[in-house]
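Report on one structure; see the data block that follows.
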Amino acid sequence: MYGAIVFDILGTLIHVESLIPSSLAAVLPRYGLELPDARTMRLCRLLPVYSFVRAYYELDADRAAAIADEIRAEQHASCCRLAKAYDGAADTLSSLREQGLRFFAVSSRSPAETAELLEHTGLRSCIDTIFQRKGRNGFLREVVAAAGLEPENILFAGDSVDDMDEAELTGCDFLPCTYGYGFEPWSSSVKLPVPVLNDIRELPAVLGELQK
């Protein structure tokens, strides 16, 4: 029986579909760089900004770092304006909270920035605690400890292979969110847990299936 669900919020509860294209379009022309094609734009969601810029444009470390800093600043400035909750997210979480389920949010952004995103999208009241995701491995242990639950009583909902690896490392079950924008590029190359979540509004039914 799950006592809590952890969401890596971007791509599971909140979508900012045009954030990467708009931030690249605002910054790259200043440096005389052409925008990548649509397919590459989708893939760059899976890489840190610095790594993408340096590898794709074959730049030296200092120039890549300067460009990456500007892109991140542009993303930070635009994120709240562009962010939207997935349809039905607030109602779904509110209904499950009434049944005693707790929800935690993780993000690479600071807790204050994440709280601002959640407020803007109408989801803050659904979330018990916000955690900052630092590094690729081990951050979920902090959430497990704060929840006061065993790992097997926590479900981690995410949309990337890093999310799935983190759940496995921590001993939590993983729920793949197929509607997340990080999902498609990697999902065909790995064996996914079953069931998957195709729409946040299907969460109650999926939980019922998982807890049979």
Side-chain angles (χ1 to χ4, degrees), residues 2-24 41-42 44-46 49 72 74-133 139-140 143 146-147 154-164 166-167 172-187 195-210:
Y2 298 119
I5 301 178
V6 181
F7 288 95
D8 185 355
I9 62 167
L10 293 181
T12 63
L13 296 178
I14 296 170
H15 61 97
V16 197
E17 291 293 345
S18 59
L19 181 62
I20 290 176
S22 64
S23 62
L24 295 183
M41 195 85 76
R42 289 194 299 271
C44 79
R45 292 190 180 107
L46 303 179
V49 174
R72 282 190 288 264
E74 181 68 28
Q75 289 176 342
H76 174 69
S78 303
C79 193
C80 266
R81 177 174 54 84
L82 297 171
K84 295 180 180 179
Y86 284 103
D87 290 345
D91 289 343
T92 299
L93 268 57
S94 295
S95 175
L96 290 170
R97 277 179 65 86
E98 291 175 0
Q99 300 172 37
L101 196 60
R102 298 155 66 197
F103 297 105
F104 299 94
V106 297
S107 170
S108 59
R109 297 170 177 272
S110 73
E113 292 169 343
T114 301
E116 185 180 3
L117 266 179
L118 291 167
E119 288 284 359
H120 173 76
T121 54
L123 296 173
R124 182 64 187 92
S125 62
C126 302
I127 302 298
D128 290 80
T129 310
I130 297 167
F131 296 87
Q132 185 169 11
R133 182 173 187 161
F139 73 88
L140 200 51
V143 184
I154 293 178
L155 182 65
F156 183 34
D159 69 337
S160 73
V161 69
D162 286 345
D163 292 341
M164 186 169 70
E166 182 67 28
C172 298
D173 287 343
F174 179 61
L175 180 60
C177 298
T178 64
Y179 54 89
Y181 44 68
F183 181 79
E184 185 179 355
W186 65 272
S187 57
V196 298
L197 187 63
N198 297 313
D199 187 306
I200 188 64
R201 292 168 290 195
E202 297 174 3
L203 183 58
V206 170
L207 284 173
E209 187 173 348
L210 284 167

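Numbers for residues simply follow the sequence, beginning at 1. Just the heavy atoms: all of them, side chains too, but no hydrogens, waters or symmetry mates, feed the values below.
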On a heavy-atom basis, which atom in [X] and which in [Y] lie closest, and how many Å separate them?
X: Pro111; Y: Gln132; result: CD-OE1, 3.8 Å
X: Ala146; Y: Arg102; result: O-NH2, 4.3 Å
X: Pro195; Y: Val206; result: CG-CG1, 3.7 Å
X: Val6; Y: Phe156; result: O-CD1, 3.3 Å
X: Ala157; Y: Phe174; result: C-CE1, 4.4 Å
X: Leu101; Y: Ala4; result: CD1-N, 3.8 Å

| query | Can you name the ring pair (Phe, Tyr, Trp, His ring centres under 6.0 Å) partners of Tyr2, sequence neighbours left out? | reply |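 Partners of Tyr2 under the ring pair (Phe, Tyr, Trp, His ring centres under 6.0 Å) test: none.
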Mind checking whether [X] and [Y] have side chains closer than 4.5 Å, heavy atoms only?
X: Leu118; Y: Ile14; result: yes
X: Leu207; Y: Leu155; result: yes
X: Leu140; Y: Cys172; result: yes
X: Pro204; Y: Gln99; result: no
X: Phe7; Y: Ile200; result: yes

To the nearest 0.5 Å, what is the distance between [atom1] on [X] and [atom2] on [Y]?
X: Leu24; Y: Gln75; atom1: CG; atom2: CD; result: 7.0 Å
X: Glu116; Y: Thr121; atom1: CD; atom2: OG1; result: 10.5 Å
X: Ser78; Y: Ile20; atom1: OG; atom2: CD1; result: 12.0 Å
X: Glu113; Y: Ser107; atom1: CD; atom2: OG; result: 8.0 Å
X: Arg133; Y: Phe139; atom1: CZ; atom2: CZ; result: 3.5 Å
X: Cys177; Y: Asp8; atom1: SG; atom2: CG; result: 9.0 Å

List, one per line, each side-chain donor-acceptor pair under 3.5 Å for residues 88-97, sequence neighbours excluded.
{"unit_1": "Thr92", "atom_1": "OG1", "unit_2": "Gly88", "atom_2": "O", "d": "2.7"}
{"unit_1": "Ser94", "atom_1": "OG", "unit_2": "Ala90", "atom_2": "O", "d": "2.8"}
{"unit_1": "Arg97", "atom_1": "NH1", "unit_2": "Cys126", "atom_2": "O", "d": "3.2"}
{"unit_1": "Arg97", "atom_1": "NH1", "unit_2": "Asp128", "atom_2": "OD1", "d": "2.8"}

| request: Could you check whether the rings of Phe104 and Phe131 sit parallel, tilted or perpendicular, using 30° and 60° as the cut-offs? | output: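 Tilted: the ring planes of Phe104 and Phe131 meet at 30° to 60°.
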| Should the pair His15 and Tyr86 be assigned to parallel (<30°), tilted (30 to 60°) or perpendicular (>60°) ring geometry? |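 Ring orientation, 0 to 90° scale: tilted.
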| query | Do Thr12 and Asp159 get their side chains close enough for a donor-acceptor pair, meaning under 3.5 Å? | reply |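 Per modelled atom types, Thr12 and Asp159 side chains form no pair under 3.5 Å.
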| task | Step by step, work out the side chain to side chain contact (heavy atoms under 4.5 Å, CB included) result for Leu123 and Ile9. | result | CA-CA 10 Å; Leu123 296 173; Ile9 62 167; over 6 Å; no
